[in-house]
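Below, read A as the first sequence line, B as the second, and so on, with proteins coming before strands; counting in each chain starts at 1.
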Number of protein chains: 2
Amino acid sequence: MNLSYETFLQEFEALIGDEWTCIFDMYHKKLNLKNRNIATKKFKTIIESVFKLSHTKGFQAMTLRDLSQESGISMGGLYKYFSNKNQIAEMIHAAMIHMAETCLKIKEYRHLDPVFELNELLARHIYISERLKKWFYFVFMECKSLDRELLNTIMASEQFMGEAILERILDANKQNLSQCTNPDFVSAMLKAMLQDWYLKTWKYQQKNINADQYVANLLLSVYQLIQVK
Amino acid sequence: MNLSYETFLQEFEALIGDEWTCIFDMYHKKLNLKNRNIATKKFKTIIESVFKLSHTKGFQAMTLRDLSQESGISMGGLYKYFSNKNQIAEMIHAAMIHMAETCLKIKEYRHLDPVFELNELLARHIYISERLKKWFYFVFMECKSLDRELLNTIMASEQFMGEAILERILDANKQNLSQCTNPDFVSAMLKAMLQDWYLKTWKYQQKNINADQYVANLLLSVYQLIQVK
DNA sequence: AAAAAAAGCGAACATTCACTCGCTTTTTGC
DNA sequence: GCAAAAAGCGAGTGAATGTTCGCTTTTTTT
């Protein structure tokens with residue numbers, strides 16, 4: 001059996017619902033927001049405007065007047081949904097981390113076939129970053145507007161992923177399923193490819209490669225790179 | 001024969017000299033700078049300060065007061081070396097493009113063994129981006145502070161590189177030197193790896209992988225991915 | 001339907017920033 | 001060694017930005 005993007009999406013919805021209610025759940029108390037219906041819609045328009053503006057001019061260069069105009073919400077109105085500009089970035093980061101971890105950590109992979117585990121790991125990462133494309137892109141590009149603590153969380157989960165990949169390759173070698181001569185480099189390569197998917201979305205869109213095809217190609221490359229027998 | 005980073009550095013010096021005189025040559029007329037000796041030194045301290053500050057807080061978030069303090073040059077003094085803040089970014093971009101193109105285009109690769117050509121292409125790119133690490137990183141992260149024209153130049157040279165890689169793979173297939181079933185994906189993968197080298201410098205530094213080792217690993221992967229016979 | 005609560009508004013405020021300019025110091029040309 | 005030119009200085013300026021707050025409109029509760 002192989003995971004597909006469609007089945008992943010179902011899993012995502014069952015697990016998280018959607019990103020806007022997730023943000024609401026995380027922050028409504030802090031911000032004194034009562035009406036879930038209204039607030040989730042506003043979060044959607046605000047954050048999508050933030051994504052659009054920071055994609056073209058960057059988060060720091062985006063002014064709150066820009067955001068007000070783009071979202072159609074007044075300055076005073078905006079401030080009901082965050083307490084200062086930097087908190088917007090923080091909310092996006094924190095919610096994205098929460099969603100990604102919820103999605104990636106439900107499965108306990110250990111003690112299965114390491115090559116299969118590696119496939120699962122890579123596929124799930126592509127799928128979650130496909131579902132949350134703009135979130136991943138934002139977090140990568142704007143991580144400098146962040147405080148140390150959140151940044152550390154991100155770095156940690158980055159490293160966790162890198163090590164997980166490496167471990168599977170080493171396991172596969174140990175179990176004589178593969179003979180990879182440069183596991184460190186190959187795992188770095190695979191991580192770079194996970195990143196490329198959300199950093200260069202336009203490129204793959206232009207080449208008409210969807211998430212499933214990308215995963216298929218990635219897994220083919222894994223077989224060649226670690227020389228699965 | 002194989003190019004090494006050391007021999008590349010000699011070539012670079014012979015061709016360009018160093019980055020600061022390059023910037024001086026490109027901009028001294030516009031800025032009315034007369035003393036080459038003084039100006040190149042100042043450019044060095046200013047731009048290195050820009051790299052440091054924009055690495056930690058981003059170019060947009062960096063204020064000219066920050067820059068003044070970091071470089072030890074007064075506000076008025078700084079403005080002798082650029083006419084407005086955004087021009088700093090433009091100068092860095094333009095100079096970096098100029099240096100990279102000078103380095104990459106001297107060699108006319110066509111009509112040799114395509115696999116050899118591919119190796120050369122990749123190696124040269126790693127080496128130039130190693131020599132100009134901070135420049136490449138800055139251009140990637142801060143390209144949003146740019147006007148359309150310069151951005152287009154960058155995009156064009158990006159695409160040129162991608163196509164050059166792809167062509168070599170297709171040629172190798174055609175000449176029956178390799179049998180790559182997914183040339184589009186493999187070329188995307190190689191490009192991603194070129195980028196990873198200057199985006200994640202700290203990672204490879206930590207793993208004690210230098211430019212030559214990186215190239216060697218990359219070339220090994222090429223052989224596996226395009227299945228050289 | 002009235003009253004209370006929540007959501008939304010935008011002009012006003014204080015602050016910060018990029019940038020300037022009159023001046024001093026250093027370098028260059030003779 | 002002196003005059004002219006170049007380089008360097010930093011307080012001052014106007015514009016723009018993040019943030020607030022008294023008020024209006026909409027929604028919820030009773």
Side-chain angles (χ1 to χ4, degrees), chain A residues 20-21 23-24 27-47 49-50 53-54 57-92 142 144-147, chain B residues 20-21 23-24 27-47 49-50 53-54 57-92 142 144-147:
Chain A
W20 319 115
T21 57
I23 272 239
F24 176 83
Y27 287 96
H28 74 107
K29 205 156 187 179
K30 206 182 217 169
L31 295 165
N32 271 326
L33 297 169
K34 300 290 151 64
N35 190 320
R36 183 191 208 92
N37 239 330
I38 293 176
T40 52
K41 274 180 204 161
K42 293 278 169 178
F43 271 130
K44 182 169 146 68
T45 58
I46 292 172
I47 292 179
S49 300
V50 170
L53 290 167
S54 61
K57 50 165 62 183
F59 181 74
Q60 291 281 354
M62 171 195 84
T63 70
L64 290 178
R65 283 166 181 79
D66 291 335
L67 183 57
S68 170
Q69 186 164 27
E70 178 70 33
S71 64
I73 301 171
S74 68
M75 307 254 28
L78 285 176
Y79 270 82
K80 293 275 154 87
Y81 294 92
F82 48 81
S83 34
N84 57 64
K85 187 185 173 188
N86 234 46
Q87 203 195 27
I88 306 175
E90 279 165 27
M91 285 167 60
I92 293 176
E142 311 293 351
K144 278 163 190 168
S145 330
L146 230 59
D147 66 351
Chain B
W20 319 113
T21 58
I23 272 238
F24 177 83
Y27 287 96
H28 73 107
K29 205 158 186 180
K30 206 182 217 169
L31 295 166
N32 270 328
L33 297 169
K34 299 291 150 64
N35 190 320
R36 183 190 208 91
N37 239 331
I38 293 176
T40 51
K41 274 181 203 160
K42 293 278 169 174
F43 270 130
K44 181 168 147 69
T45 59
I46 292 172
I47 293 180
S49 300
V50 170
L53 290 168
S54 61
K57 50 164 62 183
F59 181 73
Q60 291 281 353
M62 171 194 84
T63 71
L64 290 178
R65 283 169 182 78
D66 291 335
L67 184 57
S68 169
Q69 187 163 26
E70 178 69 33
S71 63
I73 300 172
S74 68
M75 306 256 18
L78 285 175
Y79 270 85
K80 293 275 155 86
Y81 293 92
F82 49 81
S83 33
N84 58 64
K85 187 185 174 189
N86 235 44
Q87 203 195 28
I88 307 176
E90 280 165 27
M91 284 167 60
I92 293 176
E142 310 294 351
K144 279 165 189 164
S145 329
L146 231 57
D147 67 351

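The two residues B:Thr40 and B:Asn37 make their nearest non-hydrogen contact at OG1-O, 3.1 Å. Heavy atoms only, all atoms of each residue included: B:Ser49 and B:Leu67 are closest at CB-CD1, 3.6 Å.
Summary of the strand contacts: A:Tyr81 and B:Gln60 both lie near DNA chain C, and taking for each the nucleotide with the nearest heavy atom, the more 5' one is attributed to A:Tyr81. Along DNA chain D, the nucleotide closest to B:Ile38 and the one closest to A:Thr63 are compared, and the more 5′ of them pairs with B:Ile38.
In this structure, B:Leu64 atom CG and D:dT13 atom C1' are separated by 15 Å, rounded to whole Å. Between the CG atom of A:Asn35 and the C1' atom of D:dT29 there is a distance of 13 Å, given to the nearest Å. One can place CG of A:Asn86 at 14 Å from C1' of D:dT19, the figure rounded to the nearest angstrom. Separating the NZ atom of A:Lys41 from the P atom of D:dT26 is a distance of 15 Å, rounded to the nearest angstrom. Distance A:Leu67 CG to D:dA16 C1': 17 Å, rounded to the nearest Å.
Ring centers of A:Tyr27 and A:Phe24: at least 6.0 Å apart, outside the cut-off.
Side-chain contact between B:Trp20 and B:Ile47: present, with at least one pair of heavy atoms (C-beta onward) separated by less than 4.5 Å. Side-chain contact between A:Gln87 and A:Leu31 is present, with heavy atoms from C-beta onward closer than 4.5 Å.
The residue from A:Ile92, A:Asn86, A:Ile88 that alone fulfils the side-chain contact (heavy atoms from CB on, under 4.5 Å) condition with A:Glu90 is A:Asn86.
Taking every side-chain heavy atom of B:Arg65 into account, D:dG12 is the closest of D:dT27, D:dG12, D:dT19.
Residue B:Lys80 is in base contact, counting any heavy-atom pair closer than 4.0 Å across all strands shown. A:Leu78 comes within 4.0 angstrom of nothing in the nucleic acid, heavy atoms only. No engagement by A:Phe82 is indicated, since no non-hydrogen atom pair under 4.0 Å with the nucleic acid exists.
Taking 4.0 Å as the cutoff to heavy atoms of chain B, we find the contact window on DNA chain C bounded by C:dC17 to C:dT28.
Between the CD1 atom in B:Ile23 and the NZ atom in B:Lys44 there is a gap of 13.0 Å [rounded to 0.5 Å].
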